[in-house]
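Notes follow once the structure below has been shown.
Residues: numbered from 1 along the sequence shown. Keep in mind that what you see is a predicted model, and the values were worked out from it rather than measured. In what follows, every heavy atom counts, from backbone to side chain, and hydrogens, waters and symmetry copies are set aside.
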Amino acid sequence: MSKTTRSIIDMVDSDPTVDNSASFNRLWDLLGRYKQRLAEQFELHEDRSSTGLQPYRGLPESGGAAGFMSHFAGPDIDWLVHSWVGNPKYSFTNMHLTIHLGAQYDIPHLGLAYGTTPDLFFYMDYMPRKDLWLHPEYMDQYYLEANQQFLDLQNDERFTSFISQDVYTRVAQSATSLCVSAPVNEETMAVVEHHSRAMLERWIGWVQSAQPQEPEAWQAQADRDLQIRRTITERDPVNPLAQRLFGEPLAGRLVRSLWGGDRQLPRAHQWREQDPG
């Protein structure tokens, strides 16, 4: 597999007029089916912080940029984001389905992103809840199972390994993170669908067999989860592109919404005691 260290913004700026509407529609539909799969598995309630973001529109000079964002939480899911942003007719789109489990569990979170830059972009990772250096047994439990899938995709010559220029972004990825780009065609789309479906179903299986942590560990876990989620979101190197398309006030709200800064529902580990209805 070849490698690239070009930034997403550079990729978009170098070829900004590709009509990716068909690719966007296919990927967004797939993400919607995954969201429905999760809704069948977990009790989810939409947070009111989604109000006004379904959809939202870009600045007049953005050429029609738009987006959609919804947030969910429940007794097992601390924060779920289902969103897209960009302009399908002008190269760039970015779609997210990120699922952060409640602090009752130490199973890795799940992050999924599809995009067009204008090439096909794919990221998916199990985000660890423990320091893998200090807890190799945790790594063995979850990441050994994912390792072969990582190696299979790395050996697929149709794809290019995407290496972020941003150091923190690389720190935030696990050793089995799938982060690649490829030309948009039927073959590469099918491969991305295969890998994303496999990772999602593996993760659901982990949750189905999960045992809760001791309650004494919940608050520290919740604090760690929120700090990492906020830091990753606020440091995302694509944030300047959102500011360009939507202006500072709305872009700031979008970033804040991604990590749950405006949430109104309780945290997952506090769900029952606060009785959100």
Side-chain angles (χ1 to χ4, degrees), residues 4 6-38 50-72 80-98 111-124 158-160 162 164 169 178-197 200 233 236-255 257-258:
T4 183
R6 294 179 68 202
S7 72
I8 295 291
I9 295 177
D10 285 344
M11 291 178 179
V12 174
D13 285 347
S14 66
D15 200 359
T17 60
V18 177
D19 187 344
N20 274 315
S21 299
S23 302
F24 166 75
N25 290 336
R26 176 171 174 174
L27 293 169
W28 182 240
D29 177 73
L30 181 60
L31 210 63
R33 283 184 271 145
Y34 291 165
K35 162 62 173 52
Q36 181 59 36
R37 175 78 173 92
L38 292 164
S50 301
T51 302
L53 298 178
Q54 302 168 328
Y56 55 89
R57 304 294 179 187
L59 297 170
E61 60 268 28
S62 69
F68 172 99
M69 186 179 292
S70 56
H71 322 113
F72 299 84
L80 184 152
V81 176
H82 180 220
S83 68
W84 73 267
V85 64
N87 192 335
K89 293 185 177 180
Y90 289 91
S91 296
F92 173 68
T93 62
N94 188 15
M95 293 150 268
H96 278 265
L97 185 62
T98 56
L112 167 60
Y114 296 140
T116 56
T117 61
D119 281 349
L120 173 63
F121 176 81
F122 171 51
Y123 157 81
M124 199 164 186
R158 293 169 293 187
F159 289 82
T160 297
F162 179 85
S164 177
T169 299
L178 308 182
C179 192
V180 297
S181 63
V184 177
N185 58 51
E186 184 59 36
E187 284 189 0
T188 57
M189 295 280 267
V191 171
V192 162
E193 180 172 352
H194 165 75
H195 281 292
S196 56
R197 190 178 302 277
L200 175 67
T233 304
D236 190 327
V238 182
N239 288 345
L241 184 55
Q243 294 170 5
R244 184 199 306 177
L245 296 176
F246 301 102
E248 182 60 44
L250 179 54
R253 182 187 175 189
L254 296 175
V255 169
S257 294
L258 283 171

- Item | pair L31-L112: side-chain heavy atoms closer than 4.5 Å | yes
Self-check item: Check: T233 main-chain N/O paired with N239 side-chain donor or acceptor under 3.5 Å
Solution: yes
Shortest non-hydrogen pair, L59 vs G247, comes out as CD1-N, 3.5 Å
Would you say T93 and T116 are linked by a side-chain donor-acceptor pair, where the criterion is simply a distance under 3.5 Å?
yes
Original post:
Mind checking whether L200 and L38 have side chains closer than 4.5 Å, heavy atoms only?
Top reply: yes
dist S83:OG -> L258:CG (nearest 0.5 Å) comes out at 5.5 Å
Close side-chain approach of R37 to R197, heavy-atom, < 4.5 Å
no
- Task: Could you tell me whether D119 and R6 make a salt bridge, using a distance below 4.0 angstrom between a side-chain N and a carboxylate O?
- Result: no
So do R158 and E187 actually touch side chain to side chain, heavy atoms under 4.5 Å? yes
ask   = Quick one: do the N185 and T188 side chains pair a donor with an acceptor below 3.5 Å?
value = yes
Checklist line | H195 and M124: CA distance, side-chain angles, deciding distance, side chain to side chain contact (heavy atoms under 4.5 Å, CB included) verdict | finding: CA-CA 9 Å; H195 281 292; M124 199 164 186; over 6 Å; no
> Can a donor-acceptor pair be found between the side chains of H71 and S50 at a distance below 3.5 Å?
Replying inline: yes
All heavy atoms of Y56 vs all of L53, minimum pair found to be CD2-O, 3.5 Å
Main-chain N/O of P88 paired to N20 side chain as donor or acceptor, under 3.5 Å: no
Could you check whether any side-chain heavy atom of F122 comes within less than 4.5 Å of a side-chain heavy atom of Y114, counting everything from C-beta outward?
yes
Nearest heavy-atom approach of S196 to L30 is OG-CD2, 4.4 Å
Can you confirm whether K35 is buried at NZ, in the sense that more than 12 heavy atoms of other residues, nucleotides or ligands lie under 6.0 Å from that atom? yes
Applying ring pair (Phe, Tyr, Trp, His ring centres under 6.0 Å) to F159 and not counting sequence neighbours gives none
Q. For the residue pair H82 and W28, does the interplanar ring angle fall in the parallel (under 30°), tilted (30 to 60°) or perpendicular (over 60°) class?
A. parallel
Residues passing the side-chain hydrogen bond (donor to acceptor under 3.5 Å, both in side chains) test with R57, sequence neighbours excluded, are none
Heavy atoms of A251 and F246 approach each other most closely as N-CB, 4.4 Å
Interatomic distance, CG@N94 vs CG@L241, rounded to 0.5 Å, equals 9.0 Å
inquiry  = Using modelled atom types and a 3.5 Å cut-off, is there a donor and acceptor pairing between side-chain atoms of S91 and backbone atoms of T17?
reply    = yes
For N87 and G64, the nearest pair of non-hydrogen atoms, with its separation, is ND2-C, 3.5 Å
d(S7 OG, D13 CG) to nearest 0.5 Å is 8.0 Å
Correct closest heavy-atom pair for P183 and L120 would be O-CB, 4.4 Å
- Any side-chain heavy atom of F92 sitting closer than 4.5 Å to one from M11? no
* With side chains defined as the heavy atoms from C-beta onward, is the minimum distance between M69 and V85 less than 4.5 Å? -> no
Using a 4.5 Å cut-off on heavy atoms from C-beta on, say whether the side chain of Y90 contacts that of P118.
no
D15 meets the salt bridge (charged side-chain N to carboxylate O under 4.0 Å, His left out) criterion, sequence neighbours left out, with none
Short side-chain to backbone donor-acceptor contact, N25 and S21, under 3.5 Å:
yes
